[in-house]
There are 2 protein chains.
Amino acid sequence: MSATAKKSKYSPGVLSLLPIFYVTWSDTVLSPTEIKLIRKRIQDLTFLTFSDKRQLVKWLNPAKPPSAEDFKEWIKVIRKHAPEMEEDEKMDLSVLGLKIAQASTSGDKDEVWRAPRTRKALKEIEEALGIESEISKVLIQTKLQPESSTVEISNEGSFDPKTMQMILDGKHGELINRIKQLLRDPVFEHKIIRDKEEHRLRVLNQVKLLADQGISKFAFPEKYGGKGDVAKSIAAFEGLSFHDFSMLIKFGVQFGLFGGALYGLGTERHFEKYLEDMMKLNLPGCFAMTETGHGSNVRGLTTTATYNHDKKTIVIHSPDHDSGKEYIGNAMHSRMAAVFAQLMVNGENQGVHALLVPLRDRHHNLLQGIKVEDCGYKLGLNGVDNGRIWFDNVEIPKENLLNKYGDIDEDGHYISSIENPSKRFFTMLGALVAGRVSVGIGGNTGAKSALAIAIKYAIKRRQFAPKDGEQETLIMDYPSHQRRLIPKLAKTYALNFALHDLQDFYTKQYGTGEMREVETLAAGLKAYATWHATETIQECREACGGKGYLMENRIADIKGDTDIFTTFEGDNTVLMQLVAKALMSEFRDNFNDGGYMAIIRFLAGRFTTSITELNPITIRNTNAEHLLDEDFHRSAFDYRAQKLTITVGQRMRNYLKRRITPYQAYLRCQNHMQTMAEAYIEKIILEKFYQKIAETEDAACATTLTKLCQLYALDTMQKHKGWYLENDYVTGNKTKAIRRVVNKLVQELRPEVLSLVEAFNIPDELLGARIVT
Amino acid sequence: MSATAKKSKYSPGVLSLLPIFYVTWSDTVLSPTEIKLIRKRIQDLTFLTFSDKRQLVKWLNPAKPPSAEDFKEWIKVIRKHAPEMEEDEKMDLSVLGLKIAQASTSGDKDEVWRAPRTRKALKEIEEALGIESEISKVLIQTKLQPESSTVEISNEGSFDPKTMQMILDGKHGELINRIKQLLRDPVFEHKIIRDKEEHRLRVLNQVKLLADQGISKFAFPEKYGGKGDVAKSIAAFEGLSFHDFSMLIKFGVQFGLFGGALYGLGTERHFEKYLEDMMKLNLPGCFAMTETGHGSNVRGLTTTATYNHDKKTIVIHSPDHDSGKEYIGNAMHSRMAAVFAQLMVNGENQGVHALLVPLRDRHHNLLQGIKVEDCGYKLGLNGVDNGRIWFDNVEIPKENLLNKYGDIDEDGHYISSIENPSKRFFTMLGALVAGRVSVGIGGNTGAKSALAIAIKYAIKRRQFAPKDGEQETLIMDYPSHQRRLIPKLAKTYALNFALHDLQDFYTKQYGTGEMREVETLAAGLKAYATWHATETIQECREACGGKGYLMENRIADIKGDTDIFTTFEGDNTVLMQLVAKALMSEFRDNFNDGGYMAIIRFLAGRFTTSITELNPITIRNTNAEHLLDEDFHRSAFDYRAQKLTITVGQRMRNYLKRRITPYQAYLRCQNHMQTMAEAYIEKIILEKFYQKIAETEDAACATTLTKLCQLYALDTMQKHKGWYLENDYVTGNKTKAIRRVVNKLVQELRPEVLSLVEAFNIPDELLGARIVT
């Protein structure tokens, strides 16, 4: 034996088989068949001594597998010899075994370990065991050359977050940031307050402070102390949405809903008397539209407002329990309510109108005939005092009718500038549009805040190391974590631009009377953005694990508070139906009216929408350049929106031809219509995103925004890949290629995530999450 | 003019065009092109008088469209004449117009209205306007014969809910129902308690009452006062999960986790001393495993337990802030903790072991070296006292080591019956399996409760009528609402059976040491069921609108409380990775150990899994019988699970061949593996459901269960239709056919929904929702 051999506790024969044994045992379990096979082969090996065989067979006992010490020794031996070898040899278990055996013998005795038949015998064992050589090489290699620690991915983004922030904020950035600055003041500090009375009082005081700062004044004319800048009123709401949502909603109820009804539906006489007090919160008011029995179906409200010509008064009355107003924000603090009721003049119902009804006196005592009940605790927004209100023949002066679109003249006749009652109703409801735009933006801010917390946490938090003793991996570096958060981050960016564009569009159309298209977009984007928020916040909660469940890290509050966004200001499902009906009636005037009749008229008319012929080459094109191309995305989104519209139309025609009633036909297509509305909204979001990118001057920001937009586009297509495949718009190879490109985009965006959430510019005081501050 | 004509305010010429005008104007908007066209045609009509033309042209002024009165008059006229006509004539706008015109003239003057050329001219107008005749007929018909009110769908199901309940409850129904009965006692009444101290105290007292009832004893041997029936301990958990989740979790922490560690990891000496007090809640304890720094990666815990042979003591120590135990339930009430720490014996780390560490004395004062901090408020479960615990060199007697699997002998040497440290670790962690089974069941009960509330509400709540004056539609009768709730109800049923089957399997394997497969299933079903719960509860919250947001209707609480189920007892994403690794290593022993190395060994071995050739006829078969067939469902689910396993294997091999390190290869396949694990779990659920149906004797229940199972199968396939299409398992026509069958199943199940939730048998006191009680 040579000097080397003395150092080894194993004979050359055992050594020759060590690499095979090592790989075979590497998962610590051998199947009976494997054991039987290897045992038999070992007995046949002539170059092994009896004691070699005994030793090796001992190692094949499943009841007593090689010990951890044995394993360590094997690795030591293998490692010692491997470095001297050529890369290729080292990667072959038989060659490796033989080299080790050779090294342990003196020169004159090593012939057998050089003999081709020895190698052949070993190779046969290897093959019989089904050890695939390429893979087993990797296995050996891994143990021999400890995998170098993963190179950490940098969190230095490729663009300037400040520049990106300006792009995100858009034209009202200055106001948004001024408000954020204001909210850093200690009076606004996040506090966990469990008692609703205490919480409500605090929020009330905070809203008063906001009013003192003049933030309440944007939507109202200068003549009455306002600032006459409706776009800024929405921007102010955006700024506030980065902080406590109870405060935001209380603010929105007072100045947006109550103030909006006052200004949007009232006239001079109301402005003179109430606007200033309303803006200063000296007159706390509420927006009493929803009833227990009627939420989505506002036209079906049952509260009555009956005109009495003799007394020139109007009597407000809740005929039953279910006609009580419910979920009314500010109900416990208000002195006045804008009540929506069926206006009865001379025994004739003129439809829903809004009227100012005093609720309490200056000492906060309820007035006669008013009953108010607290809605109690809710899943969130417990700083908002939601309540129920009933009216028992409450008499108010005729002047309290908010009479912009409908009035009662001196002779006691109902008059209106809008003859069509349906059109009148929807014009009055226009007051809700600003609310929907705002809620959409607020929801998206909720998603931003949650993503900022989850991503900042994920680039600090480590869990599981590639191997013992190495640094654990950042959870942001797990593909599963990236898939959770990065596509949602991209969609949040996408929605940011679409919502700002809607805000501009709203501002442009404001007061023109041409609001149908704005209303449709507001309905659709509100629904889409708030569903996205709910989903994203949930994902962020889970992505933060237990930390996400603790109130101190704010996600829990964001989640509870924004959950109702999918319901209030219009139930999302109902809103998506509105969008669908509007699309089918081509934005015609009364899509809300009956809805399905307008659609049938649409079907009765020319039905010329056609979609481009599909190009068989495009269908198959899996080229990355093509998949990332704006034209491809636009075409795919357009195709989906159009095709769905056509197929809904075809289905409905077929039902009608089969004499199915229009209402039933409409019901049968309801889910189809919902999908169609979604496709339309997704298409709009894509268009607005690309538009924004085209306007972006900063090259670095434009590059990252392009990746985000591509990710939004392809991730959305991937969600709908079943549909695209069904419709032969793409082949299976193409959808698989899309998946690969999505993964690639997610990877490429990984180093940008910190900068992307920094661009949301949420000060720590507002973010309010202990884990990341 | 005849007598009839005198009654009409319109001339025969005008009347002849009325039906066309009515349809044209039915959506109140005419495009400029339409107006131009119709104007020109009217001028050309020789049978019209000058005043006819003037009248008709007047009605074409978009600035002043026909008034509501005009419209009403038109309908009156049309309606008057239509009933006398044949069905077919009535449906033709030109014929209808001419009939009306004829009726208004005396016999001698009506030739012109019978002349074919007159009819031809009218027909031309109709066609030029693009009015599609079939559809316009429907439009007319609808106005003429007011659509009869929709026939209400019955809520009388086709089966007996009591029988179904017994099938759902399974073999432990009696215990489950006894517990439900107990929980109806006023001491358990739902209360909204906002202050955590008050809430925790109430829950503590309630858990004590449950212990007094002996409900805590099932998992423990009779020798120590237990009942020795581990299956019932899980059934008890199920019974409790129909009520307040804070109480449930507090109960689970004390008896399941603390009790489980004590009994599962300890020996005689611990049982004698502590079991009885633990079961009676005289010894409140906690399960101190998770640390701030290490949650999912339990092996990486940094708390140390250092043996001192001289003193025969062990010193428990938290080296830094992040090694503090976190989220520990019962931390504020406990007198003792089962602490998981790295056991150091003679300077060598023997891995994670559990030790009993006293926290407080009998007067509830903290012992020396113990620091406890309240985790504060959470999104839910605020009746559970979660806290953080740090140990500053806390000395405990050696006997406090829970020494079932690892001990220190008299000579101060570490000894264990399980030599492999990795195997030992996972054996010890086996204590978590019962917890995972239980949490899965608890999550599914959360889904049941939310569905019971949402469905009972949806069959009471009406919104929007087909037309004015008619009864509004039940929201349960909207397809969008059905799609929201019914597939989720089906999946909840599916999970019920899969989870009970797992419970049986666990019970069977309990104590045999053969727990790998149970562990894999428990991990997968826990993750799948709790994700399903989160999704379902969210859907139910939204389906109840504002009512779902109010605490008084309980969904808010169910939502907040169960949200953490996706995180605790193993983060769902991590659990799904465990499942995937286990599948790839064919349930080999140490799939948890290193994980990806075992997979590579698997790849290095025989890779023989193969999937059946696809039959081209089956791929295209859209026959409903085939689509509803059990074999089709099983094959489809098997195919998906198998194919995903094969493709993950192929991808990983390719990475390895390209010399990508195993860890990196594993990371790259992580999302793919997650999908594979999901497919496997879905397949198991399907199998268990069909198995249950085969065992069901009651024919009516079996019929409905079959529909639910078919819906679960096809709805799941529909979710994955992109994948099935990509893999050419089905054609686009087939996925479309599946969608139709899904809709049909949903419709067929609509009348069963009330019975289906009644079969959950949740007493009103437990359901706790004001809207449905």
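Every heavy atom of this structure was used, including side-chain atoms; hydrogens, water molecules and symmetry mates were not. Letters go in sequence order (proteins before strands), and every chain restarts at 1.
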Tell me, out of H294(A), E552(A), K196(A), who's got the most heavy-atom pairs with chain B below 4.5 Å. H294(A)
What part of I564(B) is in contact with chain A, defined as an atom under 4.5 angstrom from a non-hydrogen atom: side chain, backbone, both or neither? both
Residues which pass ring pair (Phe, Tyr, Trp, His ring centres under 6.0 Å) with W723(A), listed by chain and number, not counting sequence neighbours: Y639(A)
Contact origin within K719(A) toward chain B - heavy atom pairs under 4.5 Å: neither
Hey, which of T573(A), D571(A), V730(A) has the most heavy atom pairs under 4.5 Å with chain B? T573(A)
With a 4.5 angstrom heavy-atom cut-off, is it the side chain or the backbone of E535(B) that approaches chain A, or both, or neither? neither
Pick one of side chain, backbone, both or neither for R484(B), based on which atoms fall under 4.5 Å of a heavy atom in chain A. side chain
Chain A heavy atoms under 4.5 Å from D728(B): which part of the residue, side chain, backbone, both or neither? neither
Name the region of K547(B), side chain, backbone, both or neither, that has any atom closer than 4.5 Å to a heavy atom of chain A. both
Checking heavy atoms, do the side chain of Q674(B), its backbone, both or neither come under 4.5 Å from chain A? side chain
Given a strict heavy-atom distance threshold of 4.5 Å, which part of E472(B) is in contact with chain A: side chain, backbone, both, or neither? side chain
Under the rule for ring pair (Phe, Tyr, Trp, His ring centres under 6.0 Å), what residues qualify as partners of Y724(B), not counting sequence neighbours? Y729(B)
Which one wins on heavy-atom pair count under 4.5 Å against chain B: E326(A), Q670(A), R739(A)? Q670(A)
Examine whether an atom of Q482(B) lies under 4.5 Å from a heavy atom of chain A, and if so say whether it belongs to the side chain, the backbone or both; otherwise answer neither. neither
Among R541(A), Q718(A), K736(A), residue most engaged with chain B (heavy-atom pairs, under 4.5 Å): R541(A)
Counting only heavy atoms closer than 4.5 Å, note whether Y549(B) contacts chain A via side chain, backbone, both or neither. both
Using non-hydrogen atoms only, which part of T534(A) is less than 4.5 Å away from chain B: side chain, backbone, both, or neither? side chain
Ranking G546(A), C669(A), A556(A) by heavy-atom pairs under 4.5 Å to chain B gives rank one to G546(A)
With a 4.5 angstrom heavy-atom cut-off, which part of I555(B) approaches chain A: side chain, backbone, both or neither? neither
Please state whether the side chain, the backbone, both or neither of I192(A) comes within less than 4.5 Å of a heavy atom of chain B. side chain
